[in-house]
Amino acid sequence: MPKDLTESHRRFLQEMMQCGIMDVSKCNSLYKKCCEIHKANYIPDKLDDFVNEINTHLQPMFMHIRCGMSEEDGQQYYALVNLADTEITRMATDYSDNELELFRKAMDLILDSDNGLASSTDILNLADTVQTKKMKKKDAEQVLQRLVQNKWLCEKNGEYSLSTRCIIEMEPYIRNVYQDSVCNICHNVAVQSQMCENSLCGIRMHFPCVARVFRGQPEPHCPACKDFWPHEIPELNISHSQLPAPSQPGPSNEKTSRYGRPRR
Amino acid sequence: MSQKKRTSSQKSQAQSNRLSQVARNEAVDSDEEDVSLTEPSTSQVQQSLSRLTVAQVDRKMAEVLQFILIKDQKKMPIKRADIVKHVLKEYKTIYSEILKRVDRTLGQVFGMKLVEIDTKNHTYVLINKLEPVDLNIRDMHTGSPKTGLLFVILAVIFMKGGIVKESIIWNMLKKLKVKCGEKHEDFGDVKKLITEEFVRQRYLEYARVPHTDPIEYEFRWGLRAEKELSKMKLLELVSELQEQDPHSWTTQWKEAEQAESSSRGSSQ
């Protein structure tokens, strides 16, 4: 029998449902607050245990609080995801069929690219190929805006990529269909990334991972094939402790492979 | 019957898992309108349950629960007919047992409760069982300006005795720079929000005043508001804003006290 949940677990879960996604520091302070409100025993650094207790009860409902990394800043995030039948069950209720088709096409475009980005022009051009129901460019533009608002896509300088929440939620799909989209350093799914230009190698690395691995190296070489790494090395802008250690796969990696889709 | 077919194919694999424990207290409704939804008797439920595996029943329960959570997220009323049509399908005979388990899980895991707000059409809403507190952790979460507007309207209706003419609401909102027929930054089409969205979500009731020329409309509290909001807390808030003793509104105080005691009674 799994351990019964307390009011503090329930409050945490409710807040998680409201937000959808939360960074690790917010999660920690929420965990602390929930324990304080309900006079439960708060143990610092035990957020993962607390979340796992909730997950034990969520599993029969095909839901899961999953941890993943933001590709922008390398921070850990927690998101409530739905594991039922299709990855898009949850979205499906908010988007029409042709809007979903556009999203899927945009997602493929992003995942097929070298760096995990797609320009708005390229995505809007996809509107012509939508088959479920004709879509005008103008409508596609609005759909794109909504997808950003609802935190499925993220946008920077006119280029789109998958948001952290989307990557966490779609992880099984991405791992399945795009098997090369894995970071050589942290072993998590890598969308926004740099790719080795040696066509026989072609490994990917997240920007924050690249920054950390090549720090202080004037002539970086690919960690896999040792070819010269031709890309610009981004600056490391967050503290070392927030990055997942390279030797051991990040916590998200462990968790997702352990749970995955529940089978009966 | 399809149930028989299912029985024979699954008999062997699940002999050990049979559900022996069954629903005892089926609330039998006599005034059921939809014939196909007529409540089966306890023995019928028992029979249907014994034909299903634990895993099958658990899976249906999870589906119904997800359906309810999605509906609730959009603040749409949860109708029994929809649950049966979209989720339960051929499992409809064990509806009451499934719903009982859903409600139990909602309480144990999510801290929420399913409440029937319309016994005739079997419509439910989800109510939060946890005391509202300000976690102060969310960044401006979407929907909160709308909640604020709704709260103001509900407070006015309550303080004015339960029914308020539409014109009074609009006059009051005009003072808050919210105007009927103008697009508002946060609310968009305010008229649509108040008279359609809040009404669909069952926070407000919006009905024509009989025998008036020209036609007039009035607002009342919707069933969801009655179940979700504490009148006592609302009165306390209003008296704080007005810097008056809440007892000075005798009618409202009495009504709030009554609501408190009846909700305490029903939650036990």
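Quick note on labels: first sequence line is chain A, next is B, and so on, each numbered from 1. These numbers were taken from a predicted model, which means no experiment stands behind them. Values below: every heavy atom of this structure, side chains too, minus hydrogens, waters and symmetry copies.
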Side chain to side chain contact (heavy atoms under 4.5 Å, CB included) between Met63(A) and Leu69(B), intermediate numbers included: CA-CA 12 Å; Met63(A) 286 186 253; Leu69(B) 287 177; 3.6 Å; yes
Val109(B) to Leu13(A) - nearest heavy-atom pair and separation: O-CD2, 3.5 Å
Report yes or no: does Gln66(B) contribute a side-chain atom to a donor-acceptor pair with the main-chain N or O of Met61(A) at less than 3.5 Å? yes
What distance separates Glu63(B) CD from Phe62(A) CZ, expressed to the nearest 0.5 Å? 7.0 Å
Heavy-atom neighbours of Lys137(A) NZ exceed 12 at 6.0 Å: yes
Please report the closest heavy-atom contact between Ala62(B) and Pro60(A), naming both atoms and the distance. CB-O, 3.4 Å
Drop me the distance from Leu65(B)'s CG to Leu58(A)'s CG, to the nearest 0.5 angstrom. 9.5 Å
NZ/Lys191(B): more than 12 non-hydrogen atoms of other groups inside 6.0 Å: yes
Determine whether more than 12 heavy atoms belonging to other residues, nucleotides or ligands lie under 6.0 Å from atom CG of Asp49(A). yes
Please indicate whether Lys79(B) has more than 12 foreign heavy atoms, meaning atoms of other residues, nucleotides or ligands, lying under 6.0 Å from its NZ. no
With heavy-atom distances below 4.5 Å as the criterion, would you say the side chains of Leu130(B) and Arg10(A) are in contact? yes
State which residues pass side-chain hydrogen bond (donor to acceptor under 3.5 Å, both in side chains) with Glu99(A); sequence neighbours excluded, sorted by chain then number. Ser96(A), Arg146(A)
Measure from the side-chain N and O atoms of Gln14(A) to the backbone N and O of Phe110(B), and report whether any donor-acceptor pair falls under 3.5 Å. yes
